[in-house]
Amino acid sequence: MTQTTTATSATNGLSSHAAAMGAAALEHCPLMSTYGPPPVQFVRGSGCELYDRDGKRYLDFLAGLAVTSLGHSHPAVADALNEQARTLLHVSNLFGTEPQVEVAQTIDRLQGGGGQVFFANSGAESLEGAIKLARKYGGRGRHVVVSALRSFHGRTLATLHATGQPEKHETFQPLPEGFRHVPYNDADALEAALDPSCCAVLLEVVQGEGGVNVADGEYLRRVREICDERAMAFIVDEVQTGLARTGEWFAWHHHFDPAGGPTGAARPDIVTMAKALGNGVPIGAIWARREVAGAFQPGDHATTFGGQPLAASAARAVLRTMEAIDAPGLSAARGEELAGKLMGIDGVVDTRGLGLLIAAELDTPAVGRSGPEVAAACLEAGLVINGITPTAVRFAPPLVVSSEQIDEGLAIFASVLAGAGKPG
């Protein structure tokens, strides 16, 4: 590519980026091009609906990447933010604040009890803290974390290396040492990769960004046994799957009933979460068994903003609302409905996932478009989903999605697959 062509492409990219953001008159777009030109600028939302700056309505079946599980502009969250903003915004974690206590207690109860919580600002930060905790718990000389291929754990340098997608690593080498990757759902490969330097296994029960790949229950139980045999920590990344997304409060609960006892010994030592916890307000958390959590001493880990009053107040409202509406039950029922109706659409050959985290595998030769191309066409037609592999798209609508909205969204999806464009 010539220098002139490169410059022209860059200029066009800036122009399209600025135009999509409603800033066509800008000589240079003010945002870094880490996501490429945004296809649309949303200005407001309500429940499962979004509206762009031109007033066009969209059905949101992505929920901000499984974040707005209660839908956009939920009144309980909005009221909590308004009240807290007028009461107390920030004092730092040198001091306690009232909203943190209930959120931490609720998280511990939903995990089955017997643990402690650390608040962070995001999923990546919760993973960073979990990795540090596992290393401290393991002791000197035990620092290696083993994770799965096709996993996704964040974009910081450490969580990027924990992510089992080598194509994302090369640009940022050298990455922090101490991470290994093994095939997903393969306990023998995991065991073969271990040595005395290993302190933890890090897994997603459902690999959301990796293609909505679901772990086998027997595999998870074997991982628990391996960690027990070698005195290693078992970390479960629930950043995307936590808080009812999969039809249980946490995805690992599909293999363990915290109220009635284990259906299989797959209980983790450390669990990370974020996304749905604030319904759009940035907050993350680490839960750990009290014995493991005790490895952290004052000065080992910290954050200025993690769990500050505004974010914790939002999380408190989210958790109260989710429990009141039985969010896991909603997710399970609507997820079964969505998956079943997807299988009735020409061009869909399979579905996979749990609850309302579903991938639709496409017959791409018949459809004539890749997964990302189908998602782009759906956006133009008024449906927000995303392409996660060349042959699949992801559905993760708010847990409060109605049957009528599922039908409307799938009518758009079906028409795109049929090449008919937007329905009349």
Side-chain angles (χ1 to χ4, degrees), residues 108 111-118 126-154 158-159 161-164 177-207 210 213-239 241-242 248 250-258 261-273 285-296:
D108 184 49
Q111 290 291 344
Q116 292 178 297
V117 172
F118 176 91
S126 70
L127 265 298
E128 285 274 354
I131 291 166
K132 286 179 64 176
L133 178 59
R135 286 185 170 189
K136 183 76 187 300
Y137 180 68
R140 288 191 177 276
R142 303 185 68 202
H143 66 285
V144 174
V145 175
V146 182
S147 57
L149 291 169
R150 307 316 305 161
S151 63
F152 183 86
H153 300 294
T159 58
H161 205 183
T163 292
E177 191 271 336
F179 297 93
R180 295 176 193 165
H181 308 100
V182 296
Y184 194 52
N185 266 332
D186 188 336
D188 291 338
L190 169 65
E191 193 162 21
L194 300 178
D195 61 35
S197 70
C198 296
C199 68
V201 176
L202 167 61
L203 293 175
E204 299 159 284
V205 177
V206 183
Q207 292 184 327
N213 307 309
V214 183
D216 178 72
E218 184 55 39
Y219 166 66
L220 295 174
R221 289 188 282 275
R222 181 61 186 135
V223 172
R224 176 71 273 176
E225 291 173 357
I226 291 169
C227 288
D228 287 341
E229 292 165 0
R230 296 173 178 263
M232 294 166 51
F234 182 19
I235 309 171
V236 171
D237 179 349
E238 295 265 9
V239 168
T241 54
E248 294 280 359
F250 292 89
W252 69 266
H253 286 183
H254 287 277
H255 309 285
F256 183 96
D257 178 3
T263 57
R267 192 183 193 196
D269 300 300
I270 304 170
V271 179
T272 63
M273 65 203 78
I286 308 165
W287 175 91
R289 290 192 302 107
R290 189 168 288 111
E291 176 189 354
V292 178
F296 268 168

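Starting from 1, each residue takes its place in the sequence as its number. Everything numeric here is computed off the predicted structure, so don't read it as measured data.
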Determine, step by step, whether Val182 and Val146 satisfy the side-chain contact (heavy atoms from CB on, under 4.5 Å) criterion, reporting the C-alpha distance in whole Å, the side-chain angles of both residues, the deciding distance to 0.1 Å, and the verdict.
CA-CA 7 Å; Val182 296; Val146 182; 4.0 Å; yes
Within the 4.5 Å heavy-atom criterion, are [X] and [Y] side-chain neighbours or not?
X      : Y      : answer
Val223 : Leu190 : yes
Phe250 : Thr241 : no
Arg289 : Gln111 : no
Phe152 : Asp237 : no
Val239 : Ser126 : yes

Given salt bridge (charged side-chain N to carboxylate O under 4.0 Å, His left out), test Arg224 with Asp269 step by step and report yes or no.
CA-CA 9 Å; Arg224 176 71 273 176; Asp269 300 300; 3.0 Å; yes
Side chains of His143 and Glu177 only: does a donor on one sit below 3.5 Å from an acceptor on the other?
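Present: a donor and an acceptor within the cut-off.
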Can Glu204 and Trp252 be counted as having a side-chain donor-acceptor contact under 3.5 angstrom?
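Their side chains do not contain a donor-acceptor pair, so the 3.5 Å distance test is not met.
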What's the separation between atom [atom1] in [X] and atom [atom2] in [Y], rounded to the nearest 0.5 Å?
X      : Y      : atom1 : atom2 : result
Ser147 : His153 : OG    : NE2   : 4.5 Å
Phe179 : Thr163 : CZ    : OG1   : 9.5 Å
Leu127 : Ile286 : CG    : CD1   : 8.5 Å
Met232 : Leu202 : CE    : CG    : 10.5 Å
Ile226 : Cys198 : CD1   : SG    : 11.0 Å
Cys227 : Leu194 : SG    : CG    : 8.0 Å

Take Lys132 and Phe296 through the side-chain contact (heavy atoms from CB on, under 4.5 Å) test and state the conclusion after the steps.
CA-CA 9 Å; Lys132 286 179 64 176; Phe296 268 168; 4.1 Å; yes
Relative to each other, are the rings of Tyr184 and Tyr219 parallel, tilted or perpendicular (30° and 60° limits)?
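Plane angle over 60°, so perpendicular.
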Can you name the one residue among Glu218, Glu248, Arg221 that meets side chain to side chain contact (heavy atoms under 4.5 Å, CB included) with His255?
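When Glu218, Glu248, Arg221 are each tested with His255, the side chain to side chain contact (heavy atoms under 4.5 Å, CB included) holds only for Arg221.
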Could you go through the side-chain contact (heavy atoms from CB on, under 4.5 Å) check for Ile235 and Val201 one step at a time?
CA-CA 6 Å; Ile235 309 171; Val201 176; over 6 Å; no
Could you report the tightest heavy-atom contact between [X] and [Y], atom names first, then the distance?
X      : Y      : result
Ala295 : Lys136 : O-NZ, 2.8 Å
Thr272 : Ala130 : CG2-CB, 3.6 Å
His181 : Gly164 : CD2-CA, 3.5 Å
Gly115 : Asp108 : N-OD1, 2.8 Å
Leu133 : Ala288 : CD2-CB, 3.7 Å
Gly138 : Cys199 : CA-CB, 4.4 Å

Check: Gln207 main-chain N/O paired with Arg150 side-chain donor or acceptor under 3.5 Å:
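Looks like no, no N/O pair under 3.5 Å.
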Apply the test side-chain contact (heavy atoms from CB on, under 4.5 Å) to residues Tyr137 and Arg142: give CA-CA distance (whole Å), side-chain angles for both, the deciding distance (0.1 Å), then the verdict.
CA-CA 9 Å; Tyr137 180 68; Arg142 303 185 68 202; over 6 Å; no
Flag the pair Arg230 and Glu225 as a salt bridge only when some basic side-chain nitrogen lies within less than 4.0 angstrom of an acidic carboxylate oxygen.
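Answer for the salt bridge query: no.
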Begin with the C-alpha distance, continue with both residues' side-chain angles, and end with the deciding distance and a verdict on salt bridge (charged side-chain N to carboxylate O under 4.0 Å, His left out) for Asp195 and Arg180.
CA-CA 11 Å; Asp195 61 35; Arg180 295 176 193 165; 2.8 Å; yes
